[in-house]
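Data block below; observations after.
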Amino acid sequence: HALLAEVEKKGCQATVIYHETGKSRPDGIMLYRHLPTTELFSEFQDMMTASYIRAHTSGKIVLLTACYIWNESKIADLEQILFTETLAQCLSEDYTYAIFSPVTGLPISKHFDILERQGFLPISTKMPERELYVVDMKNPVVLYNNVQTAIKEPFNTNPRVLQVLDQAHSNFQRALTQLYPGELVLS
């Protein structure tokens with residue numbers, strides 16, 4: 001019921017990713033919408049949370065309210081792609097602050113690695129059923145993961161080499177979030 005209510009809210013948008021054919025069910029969906037500062041308290045029902053966000057943001061706020069991944073998807077790093085595509089779209093619409101807070105109350109732990117690598121920081125709230133992560137998008141750091149294009153055969157298809165490259169990319173992303181805490185690291 002919470003997801004349906006969210007989809008029906010005014011201004012709700014979605015990033016939808018299909019497998020290459022695009023003819024069946026979506027592999028991933030991210031729901032998001034504009035959140036005016038005048039609605040912070042009504043959204044989170046917590047004055048401390050609303051005050052924290054007001055004190056740390058300027059400009060447009062986007063609220064990411066749901067991230068669903070089809071368990072049988074064959075798309076590698078689908079959650080990362082969903083977050084990146086959604087946040088890139090939000091940047092093009094002049095959003096300067098993002099909040100990830102799923103309305104369904106589902107555990108956020110499966111998203112924590114992605115959120116951490118993107119620069120999101122947790123905020124404690126009085127709502128135990130709804131976690132909250134925030135990131136400043138005013139000065140995003142953009143990291144391209146295209147090193148595979150520079151590696152020659154047979155290394156560019158070797159699973160072990162590709163795994164090491166992916167791990168190095170993740171480590172570099174985390175290092176950038178330490179260098180620029182709370183700032184968006186888009187990859």
Quiz item: Has the side chain of Lys60 got a donor or acceptor atom that lies under 3.5 Å from a matching backbone atom of Glu93?
Solution: yes

Quiz item: Is a donor on one side and an acceptor on the other found under 3.5 Å between the side chain of Ser101 and the backbone of Glu131?
Solution: yes

Quiz item: Where the side chain of Ser92 meets the backbone of Gln89, is there a donor-acceptor pair that is under 3.5 Å apart?
Solution: yes

Exercise. Any side chain to side chain donor-acceptor pair (under 3.5 Å) involving residues 26-37? Give me the pairs, sequence neighbours left out, ordered by first then second residue.
Key: Glu6-Arg33, Asp27-Ser73, Arg33-Glu43

Self-check item: Residues clustered with Val164, ILVMFWY side-chain links under 4.5 angstrom
Solution: none

Exercise. Report the distance from atom CD1 of Ile61 to atom CG of Leu40, rounding to the nearest 0.5 Å.
Key: 5.0 Å

Practice problem: Taking Gln45 for its side chain and Ser42 for its backbone only, find out whether a donor-acceptor pair lies under 3.5 Å. | Solution: yes

Exercise. Report the C-alpha distance between Phe44 and Leu35 in whole Å, list the side-chain angles of each, state the deciding distance to 0.1 Å, and finish with yes or no for side chain to side chain contact (heavy atoms under 4.5 Å, CB included).
Key: CA-CA 11 Å; Phe44 300 113; Leu35 181 62; 3.9 Å; yes

Practice problem: Give me the one residue out of Gln118, His169, Arg117, Gln80 that meets side chain to side chain donor-acceptor pair (under 3.5 Å) with Ser187. | Solution: His169

Quiz item: Would you say Thr57's side chain and Ile53's backbone share a donor-acceptor pair under 3.5 angstrom?
Solution: no

Quiz item: Does CZ in Phe41 sit with more than 12 non-hydrogen atoms of other residues, nucleotides or ligands closer than 6.0 Å?
Solution: yes

Practice problem: Just grab all the salt bridge (charged side-chain N to carboxylate O under 4.0 Å, His left out) pairs involving residues 136-145, residues at least two apart or on different chains. | Solution: Asp136-Lys138

Self-check item: Derivation and outcome, side chain to side chain contact (heavy atoms under 4.5 Å, CB included), residues Phe120 and Thr177
Solution: CA-CA 9 Å; Phe120 281 80; Thr177 66; over 6 Å; no

